[in-house]
Amino acid sequence: MEVRVFLAVVSKVTAPTGFLDQVIRHAESLVDQFFPVPPDTVAAVERRFPGAVLLGWGNEGESGTRPPLITATDSRAIGVTGTLLEWSATRDLLDASSMGDTAHRTRGCFAALRVGPGEMTAVTDITRACGIFYAETPELHVVGTRALLVHLIARGGRPVRWDAPALQSMVRQGYFLSDETPFEGVRALPPATTLEFRDGVRTVTSVPLPESGPVPSSRRAMRGAIEGLAEALLETVRPLTDQVNLALTGGRDSRLMAALLHAAKVPFRVTTNGLDDHPDVVIARQIAAKLGVEHTVIPPKRTEQRDAVLVEHPLRRTFEVLRTCEGMTSAYETIVEYLPYSSRLTMSGQSGEILRGGFLYSQGNPAPQAMRRRVDAFFLKDEHLFTEEANAHARDLAAPWQERAAADPARVLDHLYVTYRVGRWHAAARAGSLRRGDAVQPFLDNRVVAAALALDPMWRRSEEVVHELIGMFAPELRRIPIEGAEWRFRAERAPSRWESLLARRRTPAPATQKGAAVQKGATKKKGAAGWNWRTSPGERLTAVLREGVLDGDVLWDIVRKDAVEEMFAAPAVKQPALAWNLYTVGAMLSELYPGSAPDGLDPVEVLIPR
C-alpha cells in the first residue's frame, strides 16, 4: 500500500567502505520526490544489518491500525505493503525459510521486502497490485515499492534518465504491457514472483497463474464452484467491523461489492460521482434504497451558467498523475486527489473484471480469430502513428503472448488482464486513493484471484458467475437494471423453441429515434446525463492538448509527427485517450516531473452538450 514505502539495498563486494551510509542519507533526502504526500506527514524507520538495510516510510500517523512499519528480529527485518487478511501473517513471512512459498499461501493483496545480513528477499502476490521494482549497479542491488526511488538511488544523484523505447506502450495504451518502467534500468517484478539476493547471487522465481478447468457439467456443480468463490470473497470482509465507504455505480462490480458487504453484515454507506440524472446515479440510488444504506451523490464542478464543467488544467492534472503514479498511468485517468490519511475504510468495484474473464469482459466477438486479433491490438494498436523502432519494440513484447494465443486466446486475454491491467495500470492508479487511507479490495485477494482464474474464462465472460454471486449475497438486487447492456449470458444465449414462438407472436417494438433498439433492462444514456468530458473533450480542451503535444519536440522518437498532426487536425480530437497519453508522455519527457508543481494555470471549460 502506498501509505507505506519501502526500500531495500544490499551492497556488493565492490562497494567501497561507507558507501551504504551514503545511500541511506541520499534516500532520506528524497522523500518529497518519491512519496506523493506532504513530507511533514511522513515518518521513517530504518533497520540496518551488515551489508544490507531496509528503510520504511509511512503517513498513517497515530490513526494507523496496522503493525509497525518494519517488523524485525536480531537477524531479519520485513516491511509489508498492501493488506493482509490477518496481520499476524507478517511474522510468518519474516520467519519463513522460503518466503516465496509462504507468500503464495498468504491471504491478502500485498508485497513484502525482507533483509538480513548481506541478503534480501522480495515477493509479489498473484496480481502484483502492490508493485516491487528493482535495479542493479556495480556496487548495489536496489529494490523498493516506488520505481522513482529505486531509480534515483541507482543513479547515485545523477538526473533521471527515461527509457524512451518502453514509453511506446504508455502512448499506445496509457499503461505498460511489460515489466518495463519509465525509468532506464528499473524493472517491475512479475506476479507471484520471488526475487532473492544471497551470497552474491540473484535469483528470480515465478509461479505461473492458475490453469482454469472446464465449465461444470451440471447446475449443481456450477453452484458448487460459485459457492467456493463466494466463500473466498466473504472471508475477505468478515473481519471488518468499522463502516466502509463504497464507491457505487450502476454497473456489475461495485454492485457485487455492495451485495457482499450486505451478506457479511458489514456496515457501509455508498457514494456516486456524477450529474443527478446520470444512469450511474439513478441506479445506485435504487441499490442503496433496496439495501437500506445511506447514499451520497457528488456532482462535478460546473460553471455558474451550468452549461459547462470546469476541468483542471491538463498540465497541472498531468503533474499530479505523474507524481502519484510515477509515469505509469496516463493523465486521461482520474486519480483520487490527496487528503490527509484517514483510517476510514474505502471500497470500490475496481478490477472486478477478474471475475468476468479479464479482457474477455469487453470482447464482443468470442470467435478464436477475433480474440487473437484483440491480443495483437493490445500491443500494436495505432501502428501507423508510431516510428519503426517503436513498433519493432512492441512486436518483441507481443511475440510470447501471440504464441500462447495461437493455442488458447481466451486464456491469454484472461491472463493479460491480471498481468498488465491489474498488475501495471491498477497498481499505479490506485496509489492516489491508498495514500489517503485504507482500501478494502476483495477482488485482489490472493485466494479470490486464484479461485476466479480456476474457473473457465469463457464461463466467467458470460457474467453468469457474477450474476449468481449477487443473487447469493443480496437476492433483493436481482430485478434492479444494469447500467449499459443486459447480462451477457442472457443477451447471448440462444432462445428456446417456446421463446422463439412467443417472439413471433409479439407486436414488433417501435423503433427508437435513430433506429437503435434499447436493450431490455438497460438504462439508455441520453444527452448530458450520459456525457463524460474525458470521452467528449470538445474544442477548448482539445486546443490545450494539441498545443502541449505539438509544441514540444520530445515525442518524435516514439511517434511520427505528421501522423500526430493529422490526429489533431479536427477541432475536437476523436481519440481523447490517445491524446491524453501523448500529452502525458510528452510532459514527462519535457521534465515536468519530478520537480515542483506548475502554478498559475486556470481550469479549462468543457461545454456540456445540450
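Just so you know, residue 1 is the first one in the sequence shown, and it goes up from there.
- Tested against Arg461, the residues Glu353, Gln363, Glu492 include a single side chain to side chain donor-acceptor pair (under 3.5 Å) partner, Glu492.
- When every heavy atom of Thr194 is checked against every heavy atom of Val123, the shortest pair comes out as OG1-CG1, 3.7 Å.
- With no hydrogens or angles considered, a side-chain donor-acceptor pair links Arg374 and Ser362 at under 3.5 Å.
- Classification of the Trp580-Tyr583 ring pair by plane angle, with boundaries at 30° and 60°, yields perpendicular.
- A donor-acceptor pair under 3.5 Å is absent between the side-chain atoms of Ser590 and the main chain of Leu592, judged by distance alone.
- Among Gln168, Glu388, Glu180, the single residue meeting the side chain to side chain donor-acceptor pair (under 3.5 Å) criterion with His393 is Glu180.
- With a 6.0 Å radius and a threshold of 12 heavy atoms from other residues, nucleotides or ligands, Glu566 has its CD atom at or below the threshold.
- Judged by distance alone, with hydrogens and angles left aside, the side-chain atoms of Arg356 form no donor-acceptor pair with the main-chain N or O of Val466 at under 3.5 Å.
- Residues meeting the side chain to side chain donor-acceptor pair (under 3.5 Å) test with Glu211, sequence neighbours left out: Arg411.
- Within a 6.0 Å radius of CD in Gln369, other residues, nucleotides and ligands contribute more than 12 heavy atoms.
- A donor-acceptor pair under 3.5 Å links the side-chain atoms of Ser462 to the main chain of Trp459, judged by distance alone.
- Contact check for Arg172 versus Phe386: side-chain heavy atoms found under the 4.5 Å cut-off.
- Environment of CD in Glu591: sparse, with no more than 12 heavy atoms of neighbouring residues, nucleotides or ligands closer than 6.0 Å.
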What pairs of donor and acceptor atoms, side-chain ones from residues 375-385 against any protein atom, are under 3.5 angstrom apart with sequence neighbours left out?
from   : atom 1 : to     : atom 2 : distance (Å)
Asp376 : OD1    : Gln402 : NE2    : 2.8
Glu383 : OE2    : Arg395 : NH1    : 3.3

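- Here Arg447 does not pair with Asp445 in a salt bridge; the nearest charged N to carboxylate O distance is not below 4.0 Å.
- Not a single donor-acceptor pair under 3.5 Å links the side chain of Arg146 to the backbone N or O of Val5.
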